Amino acid sequence: MIQCVLSEEIASAWPVLSTFCAQSQLSLSTPKLSAVRAVEATNSLNEQPSLRAQRSVGTRYLLKTDIARYYPSIYTHSIPWALHTKQTARADKKYNLLGNRIDLWMRESQDKQTGGIPVGPDTSFIVSEVIGTAMDRELIAKLPSTRGTRSIDDYFLYFSTISEAERCIATINEIGREFELDINESKTEIILLPDSLEPLWKSELRTLEIRDAATPQSFDLLTLFDRAFEFSKQFPSDSVLTYAAKQILGANITGENWTLCQALLLKAALAEPTMLSVVGQIYRKFVAYHTDSTDLNTLIHSICAYHAPLQQGNEVSWALWLAKEMGVPISKQVADKVVRLDDDLVALVALDLHENGLFDATGFAKWRSHMQSSELYEDHWLLAYEAFEHGWLPSLGNNDYIANNGFFSILRQHGVHFYGGAVAPTVSYFDY
């Protein structure tokens, strides 16, 4: 409920907030209204290397740095400091200032915690840009000759001398402390230009062609994934294999090469399960070729069996979603591991599969424990609301706790759902 209040506050103040963020001379992630979600960055990730190249002309050194654990370390009181200055914000005791109200609702949505903001919501993206813009303005005010870019919390700044770059490091550290933020020292470096504008792996994988003819295409597929597997080991924190999978989406895979292509994709997905959303898109594109789910079944079970005991819900939820899309049944042995994972998204997809006869579990005791009114304002509100509305799990007290709740009953009246029907999962545009 508080997230709705926060969203309304930010939506109502959008003209003010967008105007404020537009003041940054460095940001490539200035928020703009989007047709896909509420807001998106003005410049896509693909556009940013070109813009960095333009802003580096005539300089000799690059300063790369970022803010350590940006979203988890944002101090909510710094929101009004960024918008109104610290002195003005502290003088407002009645929440007349927009920044103080955003600070209040952000804290209330997190059990009154002032440390950190949620990762994922567009409200957090906007708040992060407000703080980033305030830091950019201070940096330019103190070092007017600074040129470069900032994307979310990643800085690429260009200078003529090393001393200028070193002075900038000290200045960014000083500004960061004003907002209770720390620079990531391990990722801060000064580089002699010219330097590559994007990772080596991306530049090379992009140039690899997947030809249409069957015989050369098989060699092209092997080359693409061989290089991707090598690069994934060199750059373990980058989504190399997901990028390779996206190359398949743009290709015209032949029927003769589908078995090979599927094998390479599934091998990659086991190492990088976060690419399963892309794998699902590939199956939909080449659905005519898919006649045997044996290998896919093996992959899904392997991912669930490995990640469920580790309480890694992201990997398991994507595996179950792919099982749902492709009609793959989950065995009782693996299902009984999944039901011990206390994750709402995992639970909802699993219950959906169970409803359709594709998830054979002994029981759902852990998930059933959340089916009560008190959970609607706790961590498992999503499961408590959606599982009850879909009729997948009964309430613990055999009562309609949704009807008796002033907020969630309104959602019911308006047919609001966060899972099921036409609601499809989305991946955040912003990789924090």
Side-chain angles (χ1 to χ4, degrees), residues 229 232 236 239 241-242 245 258-259 261-284 286-287 289-371 375 379-380 382-384 386-388 390-394 418-420 423-427:
F229 292 143
S232 68
S239 301
L241 300 179
T242 299
W258 172 247
T259 300
C261 181
Q262 178 184 234
L264 293 170
L265 284 168
L266 299 184
K267 180 180 179 181
L270 188 63
E272 192 173 294
T274 51
M275 68 180 279
L276 288 176
S277 61
V278 180
V279 173
Q281 296 176 55
I282 293 171
Y283 273 113
R284 288 194 294 273
F286 300 106
V287 63
Y289 299 153
H290 184 67
T291 57
D292 185 352
S293 292
T294 302
D295 291 341
L296 178 60
N297 186 308
T298 300
L299 171 76
I300 290 172
H301 279 73
S302 178
I303 290 175
C304 291
Y306 178 81
H307 291 281
L310 299 175
Q311 294 293 304
Q312 294 172 339
N314 186 43
E315 290 81 356
V316 176
S317 61
W318 278 115
L320 293 178
W321 183 263
L322 187 56
K324 168 182 162 60
E325 286 194 312
M326 302 303 297
V328 173
I330 305 300
S331 69
K332 184 176 184 298
Q333 181 180 10
V334 171
D336 283 345
K337 294 181 180 181
V338 171
V339 295
R340 292 196 288 270
L341 207 166
D342 207 14
D343 182 286
D344 286 12
L345 290 177
V346 169
L348 290 174
V349 185
L351 290 168
D352 192 358
L353 287 166
H354 178 70
E355 177 76 4
N356 290 280
L358 297 173
F359 190 87
D360 179 23
T362 301
F364 306 104
K366 181 180 289 292
W367 300 339
R368 285 198 65 184
S369 69
H370 302 308
M371 303 302 292
E375 290 286 354
D379 292 343
H380 296 287
L382 181 62
L383 177 61
E386 288 292 340
F388 189 84
H390 284 284
W392 292 335
L393 290 176
F418 303 95
Y419 179 91
V423 180
T426 59
V427 180

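If you're wondering where the values come from, they're calculated on a predicted model, not measured in any experiment.
Here the shortest heavy-atom pairing between Met371 and Pro394 reads CB-O, 3.3 Å. The shortest heavy-atom contact between Thr242 and Glu272 is OG1-OE2, 2.5 Å. Considering every non-hydrogen atom in both Ala319 and Ile300, the closest pair reads O-CG2, 3.7 Å. Taking both residues in full, the closest heavy atoms of Met275 and Leu265 are given as CE-O, 4.0 Å, listed atom of the first, atom of the second, then distance. For the pair Pro273 and Trp318, the tightest heavy-atom approach, listed with the atom from each and the gap, is O-CB, 4.5 Å. Closest heavy-atom contact between Leu341 and Trp367: O-NE1, 3.0 Å.
For the ring pair (Phe, Tyr, Trp, His ring centres under 6.0 Å) test, residues two or more places apart in sequence or in another chain that qualify with His380 are His370. Residues meeting the side chain to side chain donor-acceptor pair (under 3.5 Å) test with Glu386, sequence neighbours left out: His390, His417. Checked against side chain to side chain contact (heavy atoms under 4.5 Å, CB included), Thr259 has no partners two or more places apart in sequence or in another chain. Partners of His307 under the side chain to side chain donor-acceptor pair (under 3.5 Å) rule, at least two apart in sequence or in another chain, are Gln312. Applying the ring pair (Phe, Tyr, Trp, His ring centres under 6.0 Å) criterion to Phe286, with sequence neighbours excluded, gives Trp258, Tyr289. For the salt bridge (Lys or Arg N to Asp or Glu O under 4.0 Å) test, no residue two or more places apart in sequence or in another chain qualifies with Arg340. Under the rule for a salt bridge (Lys or Arg N to Asp or Glu O under 4.0 Å), Lys267 has no partner lying at least two apart in sequence or in another chain. With sequence neighbours left out, Leu345 forms a side chain to side chain contact (heavy atoms under 4.5 Å, CB included) with Ser317, Asp343, Leu382. By the side chain to side chain contact (heavy atoms under 4.5 Å, CB included) test, Ser302 is found to be paired with Leu270, residues two or more places apart in sequence or in another chain being considered. Contacts of Ser232 classified as side chain to side chain donor-acceptor pair (under 3.5 Å), with partners at least two apart in sequence or in another chain: none.
No more than 12 heavy atoms of other residues, nucleotides or ligands sit less than 6.0 Å from atom OH of Tyr306. Surrounding CG of Asn314 are more than 12 heavy atoms belonging to other residues, nucleotides or ligands, all under 6.0 Å away.
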Exercise. Check step by step if side-chain contact (heavy atoms from CB on, under 4.5 Å) holds for Trp321 and Leu276.
Key: CA-CA 9 Å; Trp321 183 263; Leu276 288 176; over 6 Å; no
Quiz item: Can you check side-chain contact (heavy atoms from CB on, under 4.5 Å) on Val339 and Phe359, steps first, answer last?
Solution: CA-CA 10 Å; Val339 295; Phe359 190 87; 3.7 Å; yes
Self-check item: Stepwise side-chain contact (heavy atoms from CB on, under 4.5 Å) check, Val316 with Val349
Solution: CA-CA 10 Å; Val316 176; Val349 185; over 6 Å; no
Quiz prompt | Stepwise side-chain contact (heavy atoms from CB on, under 4.5 Å) test for Phe418 and Leu348 | solution = CA-CA 10 Å; Phe418 303 95; Leu348 290 174; over 6 Å; no
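One finds the CZ atom of Phe388 at 12.5 Å from the CG atom of Leu383 (value rounded to the nearest 0.5 Å). To the nearest 0.5 Å, atoms CG (Leu393) and CZ (Phe364) are separated by 7.0 Å. In this structure, the separation between CG on Asp344 and OH on Tyr419 is 12.5 Å, given to the nearest 0.5 Å. We find the NZ-SG distance between Lys337 and Cys304 to be 10.5 Å, quoted to the nearest 0.5 Å. Atoms CG and CG, from Leu299 and Leu322 in turn, are 7.5 Å apart once rounded to the nearest 0.5 Å. With rounding to the nearest 0.5 angstrom, the CG atom of Leu358 is 5.5 Å from the CG atom of Leu353.
Among residue pairs with one or both ends in residues 352-366, those qualifying as salt bridge (Lys or Arg N to Asp or Glu O under 4.0 Å) are Lys324-Asp352; sequence neighbours excluded.
At distances below 3.5 Å, not a single donor-acceptor pair connects side-chain atoms of Glu315 with backbone N or O atoms of Ile303.
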List the atom pairs, with distances to 0.1 Å, where a side-chain N or O of residues 326-333 and a protein N or O form a donor-acceptor pair under 3.5 Å, not counting sequence neighbours.
from, atom 1, to, atom 2, distance (Å)
Ser331, OG, His301, NE2, 3.4
Ser331, OG, Val334, N, 3.4
Lys332, NZ, Asp336, OD2, 3.1
Lys332, NZ, Thr362, OG1, 2.7

